[in-house]
Amino acid sequence: MSKGNIILIIVLMSLASFGLMGFQYYWVRNAVRINRERFDQNVYMALSGTVEQLEKGETSDVLLSYLMKDSLFQESLFEKIEPITFQIQQRPVYRSRPSIVDTLLNETAPEVSPTFRRILESRGFDMNALKELEMFFAYMTPELASSMFTPDEMAILLEEKERQLNYLSKAESTRVRPNVEVIPSPEVLTEINISDDILDKIRRANFKIDMVERTWNELAAGQKEILDRLDTLQVRELLSNHLLERGITESFELGLLKDNGEVLPLGPVTQQSTLLQNGIKAKLFPNDILGKENFLYIFFPEKNYHVIRQVWIPISSSILFIGVIIFCFIYAIKVIIRQKALSDTKNDFINNMTHEFKTPLATVSLAVEALQDPELSTQDKFRKRYLGIIKDENKRLTAQVEKVLQAAALDKQDFKLKIEELNLSELLESTMQHISLQVEKRGGTLSFTDRLKEPSVEGDAFHLTHIFNNLLDNALKYTPHTPTIKMEATEGKDQFIVKITDNGIGMSKDAQKKIFDKFYRVPTGNVHDVKGFGLGLSYVKTMLEAHQGGIQVESEVGRGTTFTITLPKKQ
């Protein structure tokens, strides 16, 4: 895959990921906004219900509310009253003196029973109106009574009315009796002639006067002080009940704004400015015609917590899915980049392997052509020389093939260590002798500092020898000028520490992270004088890990490299 295609894929995946995250953000934000508006609406409905309940609780004229529902009384209330005219006459009369029988037959007017009195009091009737029972029962029509009282209460009302009628009948019967002794007593009697129509007008006028008086009392109530009209504890309790009905259990701050601009806290309030600016308000007693401007404010400090709690499941799932998408996106990019690096490494390996195989094959080919020359084939000296070249190049090809096969075996962990007790000092000395001639040939120095008191170590002699040979060989190969290689061996409590330092070209921080990868070689620009497949350090790390050891590198470009090997004493 080309670099341009990789960049295109990354750009498209980035756009898709950011687009999906933007959509999720918009959806979550919209859900939060809707829940916040729903919360405010429920709070406002709870405030409205509280205000309405407070206004109903203040109303004392229950009779007026029932009368206003009756269409007949509405017509009589708004009907014009005609002028009332009546005639007054005076005439002399002679009254008889009451006898003992009249006194005995005289009865007092019946009183309302306690049960009926309690019923009327619960309906808000003025008890002073009961002094005129005849007028009360005259106004209490069957339609009005059925709308105000229950069937059981209607039965009690009928009993009271029947008692009143019985009293009136007896009083009428005792007015005119025969054989009454009359004692003349001259007296001037004033008589007013009132017809039934005029009497009805008078009753309607009295009714309107009563209604006007009650209406005026209602209007005057709006001018009272707000604290005289409501109980602050009752307000908070009513509001709490309305909020609970709508599933709102969070604590709130409540305040009363008077008409003079003063805020009266109804409970604990942190800041009055926050209450007025961010709180929800409702007007108290909005139906007052001449009422004052008093408002009830409520503020929820934990409003956001309530809103988030309603949508935490979709929010958390969105965050989880977005996190998974981002993780997969980053992982996919890393895989693509790693595969691209592996592809480049593979190409480098193939090119390098081709070069490594091509050189000995060309040498063998030339030697074979020389041996086929009749003139040279008869000379033993030249024939032995070319046969030796063919043999050496064949060994070289075999070694290269073994390295490739060895890399495959390391990948599959298809090897078994032959653990034995070794002398680490002698092992390091032998590896130095193997490379010392090459160092001396280039005019360099190779030193070994042995600080081992008990150099006994358990390990595989073959692989340990190759580990140190590889490191020393790399130190020599990557030092283009006069090499100076130092090797130092120390010991700890349970392990040995071997350091190999050179004064070569060094490597960058990025290269230090990759040198132990298979087929990786430190870039040397366009110079290809350093041979190899990039398998040496990968082999070193794998074998040290198989021995329960490890390796670290410290290097600076142009200032050399130091490899630190740790090797346990016992396996």
Side-chain angles (χ1 to χ4, degrees), residues 399 402-403 405-440 444-479 483-504 507 512-513 515-518 532-555 560-571:
E402 286 180 355
K403 283 185 178 181
L405 295 176
Q406 187 183 54
L410 293 177
D411 277 346
K412 297 179 180 179
Q413 299 292 320
D414 189 15
F415 59 87
K416 186 176 181 181
L417 299 178
K418 183 180 179 181
I419 303 299
E420 57 184 324
E421 189 170 350
L422 304 171
N423 188 308
L424 184 58
S425 297
E426 296 178 357
L427 184 66
L428 295 175
E429 289 284 353
S430 64
T431 55
M432 286 186 60
Q433 293 177 2
H434 174 74
I435 200 173
S436 59
L437 293 177
Q438 301 180 43
V439 175
E440 293 175 359
T445 58
L446 176 62
S447 61
F448 173 48
T449 303
D450 187 3
R451 292 190 173 91
L452 303 181
K453 297 179 180 179
E454 296 181 1
S456 178
V457 64
E458 292 183 357
D460 188 307
F462 175 80
H463 290 295
L464 289 179
T465 302
H466 277 280
I467 287 173
F468 296 114
N469 281 335
N470 272 304
L471 293 175
L472 291 173
D473 186 57
N474 283 344
L476 182 62
K477 285 194 302 184
Y478 287 97
T479 304
T484 300
I485 303 173
K486 298 178 181 179
M487 187 163 56
E488 180 183 4
T490 59
E491 62 180 302
K493 182 179 179 180
D494 298 321
Q495 64 182 5
F496 294 108
I497 301 174
V498 180
K499 291 186 177 181
I500 300 176
T501 306
D502 62 61
N503 61 337
M507 64 187 82
Q512 294 177 35
K513 299 177 182 178
I515 57 174
F516 297 108
D517 294 342
K518 189 174 59 175
F533 291 147
L535 299 173
L537 290 179
S538 175
Y539 165 80
V540 168
K541 183 179 180 181
T542 303
M543 285 297 107
L544 285 174
E545 289 176 351
H547 281 84
Q548 307 301 320
I551 184 171
Q552 295 179 347
V553 61
E554 297 178 5
S555 181
T561 303
T562 299
F563 286 95
T564 303
I565 298 170
T566 57
L567 193 64
K569 295 180 179 181
K570 302 290 183 181
Q571 294 295 321

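On a predicted model such as this, the values are computed, not experimentally measured, just so you know.
Between the CD atom of E458 and the CG atom of L567 there is a distance of 10.5 Å, given to the nearest 0.5 Å. Here CD1 of I500 is found 10.0 Å from CD1 of I467. Values are rounded to the nearest 0.5 Å. Interatomic distance, CD1 of I485 versus CG of D473, reported as 9.0 Å (0.5 Å rounding).
Checked against side-chain contact (heavy atoms from CB on, under 4.5 Å), T479 has the following partners two or more places apart in sequence or in another chain: H481, P483, D502, N503. Legend: residues meeting side chain to side chain donor-acceptor pair (under 3.5 Å) with S456, ordered by chain and number and at least two apart, are E421. Among residues two or more places apart in sequence or in another chain, the side chain to side chain donor-acceptor pair (under 3.5 Å) test is passed with E488 by R451. With sequence neighbours left out, the side chain to side chain donor-acceptor pair (under 3.5 Å) criterion links E426 to no other residue. For the side chain to side chain donor-acceptor pair (under 3.5 Å) test, no residue two or more places apart in sequence or in another chain qualifies with K486.
Atom NZ of K499 has 12 or fewer neighbouring heavy atoms from other residues, nucleotides or ligands inside a 6.0 Å radius.
Nearest heavy atoms, V457 versus F496: CB-CE1, 3.7 Å. Heavy-atom minimum distance, L464 versus L422: CD1-CD1, 3.9 Å. Of all heavy-atom pairs spanning K453 and E491, the tightest one is N-OE2, 2.6 Å. In terms of heavy atoms, S555 sits closest to G560 at OG-O, 3.1 Å. Scanning both residues, D450 and L452, for their nearest heavy atoms gives OD1-N, 3.0 Å.
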### Query
Please walk me through it: do V439 and L476 pass side-chain contact (heavy atoms from CB on, under 4.5 Å)?
CA-CA 7 Å; V439 175; L476 182 62; 4.1 Å; yes
For a side-chain contact (heavy atoms from CB on, under 4.5 Å) check, start with the C-alpha distance between Y478 and T561, then their side-chain angles and the critical distance, and finish with the verdict.
CA-CA 10 Å; Y478 287 97; T561 303; over 6 Å; no
Practice task
Applying side-chain contact (heavy atoms from CB on, under 4.5 Å), run through F563 and L537 and close with a yes or a no.
Solution key: CA-CA 11 Å; F563 286 95; L537 290 179; 4.2 Å; yes
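At least one donor-acceptor pair under 3.5 Å links the side chain of N469 to the backbone N or O of T465.
Counting heavy atoms from C-beta outward, V498 and M487 have side chains that approach closer than 4.5 Å. Within the 4.5 Å cutoff, the side chain of L424 has heavy atoms near those of the F468 side chain. Contact of the F462 side chain with the K418 side chain is not registered, since no non-hydrogen atoms from C-beta on lie closer than 4.5 Å.
Taking the six-membered ring for Trp and thresholds of 30 and 60 degrees, H463 and Y539 have ring planes inclined between 30 and 60 degrees apart.
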Show me, pair by pair, the donor-acceptor contacts under 3.5 angstrom made by side chains of residues 543-554, not counting sequence neighbours?
residue: H547; atom: ND1; partner: M543; partner atom: O; Å: 2.9
residue: H547; atom: NE2; partner: D460; partner atom: N; Å: 3.1

